[in-house]
Amino acid sequence: MSLLVVGSVAFDAIETPFGSSKKIIGGAATYISLCASYFTKPINLVAVVGGDFPKDKIKMLESHGVNTEGLQIKEDEKSFFWKGKYNNDMNSRDTLITELNVLENFDPILPESYQDCEYLMLGNLAPQVQRTVIERLKKRPKLIVMDTMNFWMDVALEELKKTLKLVDVLSINDEEARQLSGEYSLVKAARKIHAMGPKYVIIKKGEHGALLFQLDEGDDKIYYAPALPLEEVFDPTGAGDTFAAGFIGYMAQQGTIDFQTMSKAVVKGSAMASFCVEKFGTERLENLSPKEIAQRERKFADLIGTVFV
């Protein structure tokens with residue numbers, strides 16, 4: 001099934017209580033493309049980088065079945081760069097540097113070969129850019145999943161609400177869900193967000209797992225997947241993107257859109273996110289084996305008492 005991924009391909013620099021990294025590749029679309037490639041191919045990528053982005057990393061993405069025809073390379077400009085420092089609890093972080101660079105005026109151009117898109121993953125970007133992608137597709141995809149963050153709720157709330165009306169699934173964390181809805185209860189928050197447009201709402205709770213909601217009048221469905229307890233967490237950056245990638249990658253692989261399949265997809269996403277945090281940046285995701293993924297999924301099956309195949 002054709003999967004289109006739109007988001008940032010960028011540089012990150014990370015500081016955590018367990019160490020730090022120099023400038024490494026990151027960005028929502030990088031994490032999403034890499035992770036989703038373990039479930040479905042090809043991944044059609046739409047993003048923008050500067051001339052400073054390493055060509056060998058683009059080839060690495062291509063080796064994972066990522067189609068980079070939609071990756072714009074602006075040779076005379078610099079790639080997006082973010083530097084952050086995680087606090088001791090690894091759940092909160094401080095932004096130290098943000099350089100938008102090529103992302104400041106990003107116009108998502110969709111190659112004609114991408115127009116057969118059946119599944120669309122909108123990584124964290126300005127909501128008007130996300131909406132532009134939807135509007136430029138000649139045919140609506142079977143499933144549109146969107147990620148966003150509290151920054152856009154602060155500076156572009158009305159644009160965000162317009163975009164929410166066009167998507168099927170919103171994936172955000174608990175803090176963002178509460179800010180967007182104005183409700184502390186996550187069930188009430190999900191219900192309010194559902195009323196904004198998305199049929200399904202995923203609320204991520206970090207080390208405490210994730211919740212999937214389908215709140216139809218008189219027929220509420222809620223599914224909870226725990227997070228896998230890990231001995232070491234080096235870098236949470238990209239974990240939310242990896243979760244979303246495992247989710248939509250599995251959905252595209254299965255080709256069925258219903259609550260039961262989405263429940264399994266949440267577990268797949270949680271399993272993939274557990275790999276992401278074990279190394280800095282994308283290092284852990286670049287060379288996973290089918291055996292490793294299957295073993296990790298069995299651990300989740302044991303944790304929740306359910307077998308997913």
*Using the test side chain to side chain contact (heavy atoms under 4.5 Å, CB included), find all partners of A271 that sit at least two apart in sequence or belong to another chain.*
R296, E297, F300
*Quick one: list whatever passes side-chain hydrogen bond (donor to acceptor under 3.5 Å, both in side chains) with N67, sequence neighbours left out.*
N44
*Pairs in or reaching into residues 186-196: which pass side-chain hydrogen bond (donor to acceptor under 3.5 Å, both in side chains), with residues at least two apart or in two chains?*
E183-K192, R191-D220
*asked:* Among residues at least two apart in sequence or on other chains, which ones pass side-chain hydrogen bond (donor to acceptor under 3.5 Å, both in side chains) with D258?
replied: T261
_Non-neighbouring partners of F53 that pass ring pair (Phe, Tyr, Trp, His ring centres under 6.0 Å), sequence neighbours left out_ = F11
*With sequence neighbours excluded, tell me which residues meet side chain to side chain contact (heavy atoms under 4.5 Å, CB included) with K59.*
E62
*Mind checking what makes salt bridge (charged side-chain N to carboxylate O under 4.0 Å, His left out) contact with K138, not counting sequence neighbours?*
E112
*In chain order, what residues pass the side chain to side chain contact (heavy atoms under 4.5 Å, CB included) check against A28, with sequence neighbours excluded?*
S8, I32, D241
*asked:* Taking side chain to side chain contact (heavy atoms under 4.5 Å, CB included) as the definition, give me every residue that meets it alongside E135, ordered by chain and number, with sequence neighbours left out.
replied: R131
*Who pairs with Q253 by side-chain hydrogen bond (donor to acceptor under 3.5 Å, both in side chains), at least two apart in sequence or on another chain?*
none
*Could you tell me which residues satisfy side-chain hydrogen bond (donor to acceptor under 3.5 Å, both in side chains) with D219, sequence neighbours excluded, listed by chain and number?*
K221
*Can you pull the side-chain hydrogen bond (donor to acceptor under 3.5 Å, both in side chains) pairs that have at least one residue in residues 9-34, sequence neighbours excluded?*
none
